[in-house]
Amino acid sequence: MRRLAIVGASGHGKVVADAAEALGWDLIEFYDDAWPELTILRHWPVKGDFSALLENLENYEGVIVAIGDNHTRLSLQQELEDRGSELVTLVHPGACVSPYASLGTGSVILAGAAINIDATLGKACIINTNASVDHDCSLDDGVHVSPGAALAGGVSVGQCSWVGIGASVRQLIAIGADVVVGAGSCVVAPLADGQTYVGMPARPFQRN
Ligand SMILES: CC(C)(COP(=O)(O)OP(=O)(O)OC[C@H]1O[C@@H](n2cnc3c(N)ncnc32)[C@H](O)[C@@H]1OP(=O)(O)O)[C@@H](O)C(=O)NCCC(=O)NCCS
């Protein structure tokens, strides 16, 4: 019997549970601070809040954090690691990951995603549906590559950056830490830490 605890009973959590079921986890249970108001997500029970999970870690063969916010996901994963939890990495059976790529603990690779040879991913990354991370890319901890986004070869992405849905990044580009690349953007030049960029080519985002 393989039992998995998922932190975060949201839309992303549901997608991660679906992937875990496809990978043969026998029992999947959620933990979310919306408990006790929230007790079930689709057919999966929500058993308690995050502190309840910390009290029940011995009941699970695996734990994963499925929270979209990159900083929250990474810090909760760190707390679980410090408690000696069995953090797992999930690769949906419909994803394609080179045996010569390396994936950090707690990362999820979702359906249709591709990770090519010599790509390296840090901890707690999300490579979302149909995203691609090409050869020699280097992703730091807590990076999210959204559905359909494409990183060409040799791209680097700093800690907790978010590449939006359908964005594309030219080869060998360095994206800093805490960057947001807006949906559908096309990145052709390096991006500085802590900023949001949008458009084609991607430029610093300025609200009107
Ligand atoms: C860039 C982004 C972070 C800005 O969010 P926001 O601050 O809430 O911005 P708003 O939606 O209020 O839009 C503000 C303006 O920027 C424009 N804008 C927003 N996102 C844009 C984008 N990706 N590209 C170009 N223009 C964009 C809007 O059209 C709007 O223009 P207007 O003032 O002329 O009407 C967001 O739009 C985005 O792209 N997020 C990524 C979403 C994603 O990838 N989701 C996948 C989840 S898995």
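Whatever order the structure lists them in is the order used to number ligands and atoms, beginning at 1. No hydrogens, no waters, no symmetry mates; every other heavy atom, side chains included, goes into these values.
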Inset, instruction - Give a yes-or-no answer on whether the side chains of Asn128 and His12 include a donor-acceptor pair shorter than 3.5 Å. - result: no
Legend entry - Distance from atom 1 (C) of ligand 1 to nearest protein heavy atom, with residue and atom: Val198 CG1, 3.5 Å
Inset, instruction - Report whether Leu54 and Val63 are members of the same hydrophobic cluster (ILVMFWY, side-chain heavy atoms less than 4.5 Å apart, transitive linking). - result: yes
Legend entry - Residue and atom name of the nearest protein heavy atom (relative to atom 9 (O) of ligand 1), distance in Å to one decimal: Phe205 CZ, 3.8 Å
Legend entry - Residue portion contacting ligand 1 (non-hydrogen atoms closer than 4.0 Å) for Ala183: both
Inset, instruction - Have a look at ligand 1 and work out which part of His144, if any, has a heavy atom under 4.0 Å from it: side chain, backbone, both or neither. - result: side chain
Inset, instruction - Among all protein heavy atoms, pick out the one at the shortest distance from atom 33 (O) of ligand 1; state its residue, atom name and that distance to 0.1 Å. - result: Asn208 ND2, 3.1 Å
Inset, instruction - May I ask whether Ile165 and Val157 are part of the same hydrophobic cluster, defined by side-chain heavy atoms of I, L, V, M, F, W, Y residues being less than 4.5 angstrom apart, directly or through others? - result: no
Legend entry - Closest non-hydrogen atom pair, Ser85 against Leu57: OG-CD1, 3.4 Å
Legend entry - Numbering as shown, the atoms of ligand 1 that approach Ser146 to under 4.0 Å (heavy-atom distance): 44 (O), 46 (C)
Inset, instruction - Go through the structure and list residues passing side-chain hydrogen bond (donor to acceptor under 3.5 Å, both in side chains) with Asp49, not counting sequence neighbours. - result: Ser51
Inset, instruction - Could you tell me the residue and atom name of the protein heavy atom closest to atom 45 (N) of ligand 1, and the distance to it rounded to 0.1 Å? - result: Trp162 CZ2, 3.5 Å
Inset, instruction - Can you pull out the closest protein heavy atom to atom 2 (C) of ligand 1? Residue, atom name and distance to 0.1 Å, please. - result: Thr196 CG2, 4.8 Å
Inset, instruction - Check ligand 1 against Arg207 and write out every atom of the ligand that is under 4.0 Å from a heavy-atom position of the residue. - result: 7 (O)
Inset, instruction - Could you tell me the residue and atom name of the protein heavy atom closest to atom 3 (C) of ligand 1, and the distance to it rounded to 0.1 Å? - result: Val180 CG1, 4.0 Å
Inset, instruction - List the closest protein heavy-atom neighbour of atom 48 (S) of ligand 1: residue, atom name, distance to the nearest 0.1 Å. - result: Pro147 CD, 3.6 Å
